[in-house]
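Positions are given from 1, in the same order as the sequence printed here. Since the model is a prediction, treat every value here as computed from it, not as a measurement.
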Amino acid sequence: MNSLQQIAAFSETAKHGSFAAAARESGSAPSTLAKAVARLEERLGVKLFHRTTRQVSLTADGERLFHRCQRLLVEVDELQAEASGVRASPTGTLRIDMPIVLGRRMVMPLLARLAREHPELSLDVRLQDGYVDLVKEGIDVAIRVGELSDSTLVSRRLGAQSMVLVASPGYLAERGTPRRLEQLEAHDALVFRMPSTGKDRPWRFRRKGADAEVRPASRVRVNDGEGLVQAALLGQGLAQLPEYFVREELARGDLVEVLPGLRPAPIPIHVVYPGARLVPQRVRVLLDALLATRL
């Protein structure tokens with residue numbers, strides 16, 4: 001048990017980058033965590049952290065141990081829950097990371113239902129458009145849009161995201177409605193600056209069975225999807241957005257789809273989580289709900 005406590009102290013400190021921050025999260029004293037980590041280092045005969053007065057960072061040995069111990073701690077928690085007979089009732093804190101608008105509009109209602117159904121389940125929801133390291137940040141589940149690159153994560157496909165090119169009726173009345181891709185050069189473009197890379201997201205289309213990509217010149221760049229919707233509503237130009245972002249605006253006629261016959265192939269949406277032999281029950285209930293809903 002002492003070994004597990006030391007590993008847990010090390011893991012929490014690695015996640016939060018300092019003994020003080022880890023102590024606030026876990027309800028322990030910083031000195032208690034520091035002593036536990038020191039004993040672990042002494043027992044293993046390796047240095048796990050580079051230490052400064054305010055923060056710590058992992059050594060190469062610490063990185064290896066951190067990624068290995070996450071799976072161990074998850075399985076220990078699940079074994080304890082199973083042994084105590086509460087496996088069928090999810091407890092603890094479910095930490096989920098997801099894109100801002102997709103999370104607000106599509107997933108938050110589902111999470112609210114889970115919270116009502118399972119009163120012992122707590123939610124820690126992270127809404128952001130960039131990708132995070134699930135293991136390092138202690139995230140149970142993430143929802144990601146686009147092709148996946150991290151092969152260490154378990155993934156399940158939830159659905160797909162259709163992209164639409166839109167503009168306000170006022171803008172189109174003034175500037176005309178493009179009928180071909182080549183006519184887009186004559187129009188003002190509103191582009192999305194991807195938070196994960198800082199690069200502009202190109203517009204994608206599908207014409208005659210082949211993919212086509214357009215990288216429009218633009219005076220307006222926005223790194224928030226809802227901000228991009230507002231720019232289109234204000235008549236600042238054409239914007240390519242996920243269909244669910246503008247579903248209501250299209251239904252009301254506040255926005256109009258442009259080049260609807262050239263919509264690109266839908267972008268996959270996946271739920272991902274760290275691989276483990278035992279998946280915590282709090283994660284299982286969320287996975288079941290997501291897969292039953294299909295985004």
- Message: Would the distance check show the side chain of H16 and the main-chain N or O of E12 forming a donor-acceptor pair, the cut-off being under 3.5 Å?
- Response: yes
- Counting only N and O atoms by type, is there a donor-acceptor contact under 3.5 Å from the side chain of R175 to the main-chain atoms of A186? yes
- Message: Between S218 and A189 (side chain of the first, backbone of the second, donor and acceptor by atom type, cut-off under 3.5 Å), is there such a pair?
- Response: yes
- Main-chain N/O of G198 paired to R193 side chain as donor or acceptor, under 3.5 Å: yes
- By side-chain contact (heavy atoms from CB on, under 4.5 Å), which residues pair with A14, not counting sequence neighbours? F49, L58, F66
- Heavy-atom closest pair, residues P178 and L172: CD-CD2, 4.3 Å
- Verify, without hydrogens or angle tests, whether T13 (side chain) and F19 (backbone) share a donor-acceptor contact under 3.5 angstrom. no
- Is a salt bridge present between E213 and R206, judged by a nitrogen-to-oxygen distance below 4.0 Å? no
- How close do V285 and P90 get, heavy atom to heavy atom, and via which atoms? CG1-CG, 3.8 Å
- Applying side-chain hydrogen bond (donor to acceptor under 3.5 Å, both in side chains), name anything that partners R24, two or more places apart in sequence or on another chain. none
- Task: For residues L290 and I143, determine if any side-chain heavy atom of one lies less than 4.5 Å from a side-chain heavy atom of the other.
- Result: yes
- Query: Within a reach of under 6.0 Å around CZ of R219, are more than 12 heavy atoms found that belong to other residues, nucleotides or ligands?
  - Reply: no
- Query: Can you tell me how far the CE atom of M108 sits from the CD1 atom of I96, to the nearest 0.5 Å?
  - Reply: 9.0 Å
- Task: Would you name the heavy atoms of L114 and A289 that are closest together and state the gap between them?
- Result: CD2-CB, 4.3 Å
- Message: Between T32 (side chain only) and S28 (backbone N and O only), is there a donor and an acceptor less than 3.5 Å apart?
- Response: no
- Query: Does Y171 reach the main-chain N or O of L233 with its side chain, forming a donor-acceptor pair under 3.5 Å?
  - Reply: no
- Item | Non-hydrogen side-chain atoms of V272 and V141 separated by less than 4.5 Å | no
- Query: Are the side chains of K47 and D61 in touch, meaning some heavy atoms are under 4.5 Å apart?
  - Reply: no
- Message: Given 3.5 Å as the limit, does a donor-acceptor pair link the side chain of Q183 with the main chain of R179, or not?
- Response: yes
Exercise answer: donor-acceptor pairs, residues 240-248 side-chain atoms, under 3.5 Å, sequence neighbours excluded:
unit_1	atom_1	unit_2	atom_2	d
Q240	OE1	R204	N	3.0
Q240	NE2	R204	O	2.8
E243	OE1	R247	NE	3.2
E243	OE1	R247	NH2	2.7
E243	OE2	R247	NE	3.1
Y244	OH	Q161	OE1	3.2

- Query: Which atom pair, heavy atoms only, marks the closest approach of L121 to L94?
  - Reply: CD1-CB, 4.1 Å
- Task: Look at the side chain of T93 and the backbone N and O of S122, then say whether any donor-acceptor pair between them is shorter than 3.5 Å.
- Result: no
- Say whether D97 and Q128, considering side chains only, have a donor N or O and an acceptor N or O under 3.5 Å apart. yes
- Return yes if some donor-acceptor pair links the side-chain N/O of D140 with the main-chain N/O of R95 below 3.5 Å, else return no. yes
- Message: If the threshold is 4.0 Å, N to carboxylate O, is there a salt bridge linking R51 and E41?
- Response: yes
- Taking everything shown except R156 itself, do over 12 heavy atoms lie less than 6.0 Å from its CZ? no
- Would one find more than 12 heavy atoms of other residues, nucleotides or ligands at under 6.0 Å from atom CD of E182? yes
- Query: Side-chain contact, heavy-atom cut-off 4.5 Å: L286 with L111?
  - Reply: yes
- In terms of heavy-atom contacts, R157 and L291 come closest through O-CD2, 3.8 Å
- Message: Whether R221 engages the ring of F192 as a cation-pi pair (distance to the six-membered ring centre under 6.0 angstrom, angle to the ring normal within 45°) should be assessed.
- Response: no
